[in-house]
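Inspection log for the structure reproduced underneath, given as structure tokens.
Positions are given from 1, in the same order as the sequence printed here.
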Amino acid sequence: QVQLAESGGGSVQAGGSLRLSCVASGSTGRIDCMGWFRQVPGMQREGIATTYIGSGSTYYADSVKGRFTISRDNGRTTLTLQMNSLKPEDTATYYCAAETASFCQYRIASMRPNFWGQGTQVTVSS
């Protein structure tokens, strides 16, 4: 089992920045991919930034490319999302996710998490 705990959400004006953190615990040695997803009420949850732990390769959705940066520590315990130039359309609940014991490195744009954090709210006002 893997437990994920996010922090760092909040409210910010458009153009501002926020940094989300996710701390993983439990069987972290089994994690192959980690990522950040977001969800707006009534919409599907979407993956916006993902990474393969083995090589550090990353994927960004077009909507956040150039503005958001995903990073992790040398292990599998801490994942961060630096969000710059925030827009009102970035308002959502953000979830940290992990996928274990898989070949996710071949499809990091289509990560299939089997563990989720509880979510943290990000609100961007115009």
Side-chain angles (χ1 to χ4, degrees):
Q1 290 290 335
V2 173
Q3 293 80 43
L4 303 170
E6 304 102 335
S7 62
S11 298
V12 66
Q13 287 195 321
S17 298
L18 283 173
R19 184 179 179 89
L20 304 183
S21 294
C22 172
V23 177
S25 59
S27 301
T28 58
R30 299 180 64 229
I31 296 175
D32 291 321
C33 289
M34 295 188 76
W36 291 95
F37 289 65
R38 67 186 182 187
Q39 188 171 25
V40 175
M43 303 290 286
Q44 274 195 321
R45 192 171 296 186
E46 64 166 336
I48 57 169
T50 60
T51 184
Y52 170 55
I53 301 301
S55 66
S57 59
T58 58
Y59 158 80
Y60 294 95
D62 288 342
S63 57
V64 306
K65 198 173 295 182
R67 300 187 298 123
F68 292 10
T69 303
I70 188 171
S71 61
R72 58 176 178 84
D73 64 4
N74 288 330
R76 293 172 166 80
T77 58
T78 304
L79 187 75
T80 62
L81 184 69
Q82 179 66 42
M83 304 185 294
N84 298 328
S85 303
L86 283 161
K87 304 175 181 179
E89 52 263 43
D90 293 318
T91 296
T93 301
Y94 284 70
Y95 297 89
C96 177
E99 184 173 349
T100 61
S102 70
F103 294 97
C104 57
Q105 64 266 37
Y106 302 113
R107 47 168 179 77
I108 59 171
S110 303
M111 195 177 144
R112 301 169 194 166
N114 49 344
F115 295 98
W116 296 92
Q118 79 283 0
T120 185
Q121 179 66 34
V122 171
T123 302
V124 184
S125 58
S126 58

* With a 4.5 Å limit on heavy-atom distance, are the side chains of Gln121 and Thr91 in contact? -> yes
* Test item: Met83 and Leu18 side chains (from C-beta on) under 4.5 Å apart, heavy atoms -> yes
* **Heavy-atom closest contact (Arg112 atom, Glu99 atom, distance)** => N-OE1, 2.8 Å
* **Straight-line distance of Ser126 OG to Gln13 CD, nearest 0.5 Å** => 9.0 Å
* To do: Could you tell me which non-hydrogen atom of Ala61 sits nearest to which non-hydrogen atom of Gly47, and how far apart they are?
  => CB-O, 3.8 Å
* Is a side-chain N or O of Glu6 found less than 3.5 angstrom from the main chain of Gln118, in a donor-acceptor match? -> yes
* **Joint cluster assignment, Trp36 & Val12, ILVMFWY side-chain distance < 4.5 Å** => yes
* Asked: Do Arg67 and Tyr60 have side-chain heavy atoms sitting under 4.5 Å apart?
  -> no
* Asked: Thinking salt bridges, do Asp62 and Lys65 make one under a 4.0 Å N-O criterion?
  -> yes
* Asked: Can you tell me how far the CD atom of Gln3 sits from the OG atom of Ser27, to the nearest 0.5 Å?
  -> 7.5 Å
* To do: Provide the closest heavy-atom pair for Ala49 versus Leu81 in the form atom of the first, atom of the second, distance.
  => CB-CD1, 4.0 Å
* Ile108 reachable from Phe68 in the ILVMFWY side-chain graph, under 4.5 Å edges -> no
* Structure fact -> In terms of heavy-atom contacts, Ser17 and Asn84 come closest through OG-OD1, 2.9 Å
* To do: Could you identify which residues cluster with Met111, counting Ile, Leu, Val, Met, Phe, Trp and Tyr as linked when any side-chain heavy atoms lie under 4.5 Å apart, either directly or through a chain of such contacts?
  => Phe37, Tyr95, Trp116
* Does any N or O in the side chain of Asp90 come within less than 3.5 Å of the main-chain N or O of Val122, such that one atom is a donor and the other an acceptor? -> no
* Asked: Mind checking who shares a hydrophobic cluster with Val40, ILVMFWY linked at side-chain heavy-atom distances under 4.5 Å?
  -> Met43
* Mind checking whether Ile48 and Tyr59 sit in one hydrophobic cluster, side chains of I, L, V, M, F, W, Y counted as touching below 4.5 Å? -> no
* To do: List the steps, then state whether side-chain contact (heavy atoms from CB on, under 4.5 Å) holds for Leu79 with Cys96.
  => CA-CA 8 Å; Leu79 187 75; Cys96 177; 4.2 Å; yes
* Asked: Any side-chain heavy-atom pair from Arg38 and Val64 closer than 4.5 angstrom?
  -> yes
* Does any N or O in the side chain of Thr51 come within less than 3.5 Å of the main-chain N or O of Ser57, such that one atom is a donor and the other an acceptor? -> yes
* To do: Would you please say whether a donor-acceptor pair under 3.5 Å links the side chains of Ser7 and Ser21?
  => no
* Pairwise side-chain contact, Met34 with Ile53, heavy-atom cut-off 4.5 Å (strictly under) -> yes
* Asked: Can you tell me if Asp32 uses its side chain to pair, donor with acceptor, with the backbone of Ser102 under 3.5 Å?
  -> yes
* Asked: Between Leu4 and Ala24, which heavy-atom pair has the shortest distance, and what is it?
  -> CD2-CB, 3.6 Å
* To do: Kindly determine whether Val2 and Arg30 satisfy side-chain contact (heavy atoms from CB on, under 4.5 Å), including the steps that lead there.
  => CA-CA 9 Å; Val2 173; Arg30 299 180 64 229; 5.6 Å; no
